[in-house]
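I have placed the structure first, in the form of structure tokens, so that the comments after it can refer back to it.
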There are 2 protein chains.
Amino acid sequence: MSQLYAETDHAPTLAKPDGVRLGALDEFVGFTLRLAQEASFAAFARRTGEASLRPGRFAILVLIDANPGISQTELSAAAGRDKSTLTPALADLERRGLVERRRAPSDRRSYALTLTDAGREVLRTLSEHAAAHDRQLDALVGEENKAAFLATLRRIVAGLS
Amino acid sequence: MSQLYAETDHAPTLAKPDGVRLGALDEFVGFTLRLAQEASFAAFARRTGEASLRPGRFAILVLIDANPGISQTELSAAAGRDKSTLTPALADLERRGLVERRRAPSDRRSYALTLTDAGREVLRTLSEHAAAHDRQLDALVGEENKAAFLATLRRIVAGLS
DNA sequence: TATTGTTATACTCTATAACTATA
DNA sequence: TATAGTTATAGAGTATAACAATA
């Protein structure tokens with residue numbers, strides 16, 4: 001396992017070339033959960049294609065959109081990354097005209113982050129891809145199973161936190 | 001999203017600090033699937049603790065164990081990584097006495113990889129952690145739901161490949 | 001003194017391309 | 001010529017620590 005139970009920002013897909021055996025992992029929930037998540041990510045990446053932002057950039061847009069005026073420190077906490085990692089990412093997004101940084105009047109050390117119209121447009125396009133992707137997942141899960149499936153996933157999240 | 005649909009080798013956990021909103025993603029199967037996989041990975045990492053190998057190393061042991069005598073090129077294909085990345089990883093595992101590399105008699109360019117007794121022992125310990133982890137997941141999923149849950153995950157894997 | 005954001009530095013994982021030694 | 005494995009180099013993502021500006 002490894003990949004087996006690995007998370008994934010640049011997770012290599014776990015290939016299964018002919019003749020290579022994986023051991024008795026197929027019955028494991030954790031292993032199968034990872035394969036499903038990996039397949040879902042790969043399908044989403046294929047779908048967005050060139051429209052894609054890197055995952056970290058996408059996260060930043062989502063979080064700023066949902067929390068306009070957020071500071072970099074708050075954003076770093078929300079994204080689970082150190083604030084020092086946001087400096088180059090935000091510089092890139094600002095350079096591309098997707099994010100605006102204004103000094104907060106109340107505290108001139110910090111920036112208030114907002115999306116530009118272009119940023120909202122990029123986010124909207126990606127969100128449409130995400131919605132289409134989820135419709136595909138819904139079809140695979142099955143209308144009649146969706147509620148139970150989501151409930152089980154949420155029990156896992158809650159039970160392991 | 002980002003993280004939202006991100007895969008994960010060093011995926012930061014998607015934190016949800018008080019007051020930070022995430023948007024309307026909570027109903028998305030893909031998003032929830034990712035949260036569950038992430039929670040599962042984090043719990044597994046907590047469980048293994050110091051006994052842990054990095055995910056990539058763990059994968060190598062599993063694959064060699066299941067395919068004794070495999071070559072580095074075959075292993076790299078099975079693990080979904082370039083063969084050049086295996087050189088330092090295998091050097092490390094060999095130095096730690098977990099993996100043995102012998103020149104293949106039939107083709108002296110290649111190595112036949114096998115686990116040492118120590119390597120098998122490490123793998124056994126980690127496999128026990130994995131089994132215990134999966135028993136925890138089984139309990140969260142629920143005996144009566146497990147078959148359907150696994151079937152749904154497999155439909156996702158198959159349907160998106 | 002404490003906090004916001006930046007910079008310097010480092011570590012991990014990954015990839016491509018050029019190289020060697022065999023085939 | 002082609003393949004197995006190595007080395008050199010580079011890029012993305014992350015982290016910690018020290019720093020300047022402001023609180």
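Here is how names work: the chains are called A, B, and so on, in the same order as the sequence lines, proteins then strands, and each is numbered from 1.
- For Arg108(A) against dT22(D), no side-chain N or O and base N or O form a donor-acceptor pair under 3.5 Å.
- By the 30° and 60° cut-offs, the orientation of the rings of Phe58(A) relative to Phe44(A) is parallel.
- One can place CZ of Arg103(A) at 13 Å from C1' of dT3(C), the figure rounded to the nearest angstrom.
- In the interface, the side chain of Thr73(B) is not paired with the base of dT3(D) through any donor and acceptor atom under 3.5 Å apart.
- Mapped onto DNA chain D by nearest heavy atom, Thr85(A) and Gln72(B) fall at different nucleotides, with Gln72(B) at the one closer to the 5' end.
- Between Arg57(A) and dA12(D), a side-chain N or O to OP1/OP2 separation shorter than 4.0 Å is absent.
- For dT16(D), its base sits under 3.5 Å from the side chain of Ser84(A) at one donor and acceptor pair at least.
- Without hydrogens or angle criteria, Glu74(B) side chain to Ser71(B) main chain gives a donor-acceptor distance under 3.5 Å.
- Residue Leu86(A) contributes atom CG, which lies 14 Å from atom C1' of dT7(C) at whole-angstrom precision.
- For the OP1/OP2 pair of dA15(D) and a distance below 4.0 Å, the side-chain nitrogens and oxygens of Arg81(A) include no atom meeting the criterion.
- Atom-to-atom, NZ of Lys83(A) to P of dT3(C) comes out at 11 Å; the value is rounded to the nearest Å.
- Taking atom CG of Asp82(A) as the reference point, atom P of dA10(C) lies 17 Å away to the nearest angstrom.
- One can place OH of Tyr111(A) at 13 Å from P of dA23(D), the figure rounded to the nearest angstrom.
- Taking atom CZ on Arg102(A) and atom P on dT4(C), their separation rounds to 19 Å, with Å as the unit.
- Along DNA chain C, the nucleotide closest to Ala104(B) and the one closest to Leu90(A) are compared, and the more 5′ of them pairs with Leu90(A).
- Taking only side-chain nitrogens and oxygens, Ser110(B) never comes nearer than 4.0 Å to OP1 or OP2 of dA4(D).
- Rounded to an integer number of Å, the gap from CD1 of Ile70(B) to C1' of dA4(D) is 14 Å.
- Cation-pi contact between Arg102(A) and Tyr111(A): absent, since separation from the ring centre below 6.0 Å together with deviation from the ring axis within 45° is not met.
- Cation-pi contact between Arg34(B) and Phe41(A): absent, since separation from the ring centre below 6.0 Å together with deviation from the ring axis within 45° is not met.
- With rounding to whole Å, Leu113(B) atom CG is found 10 Å from dT6(D) atom P.
- Shown here is Glu143(A), whose CD atom has no more than 12 heavy atoms of other residues, nucleotides or ligands within 6.0 Å.
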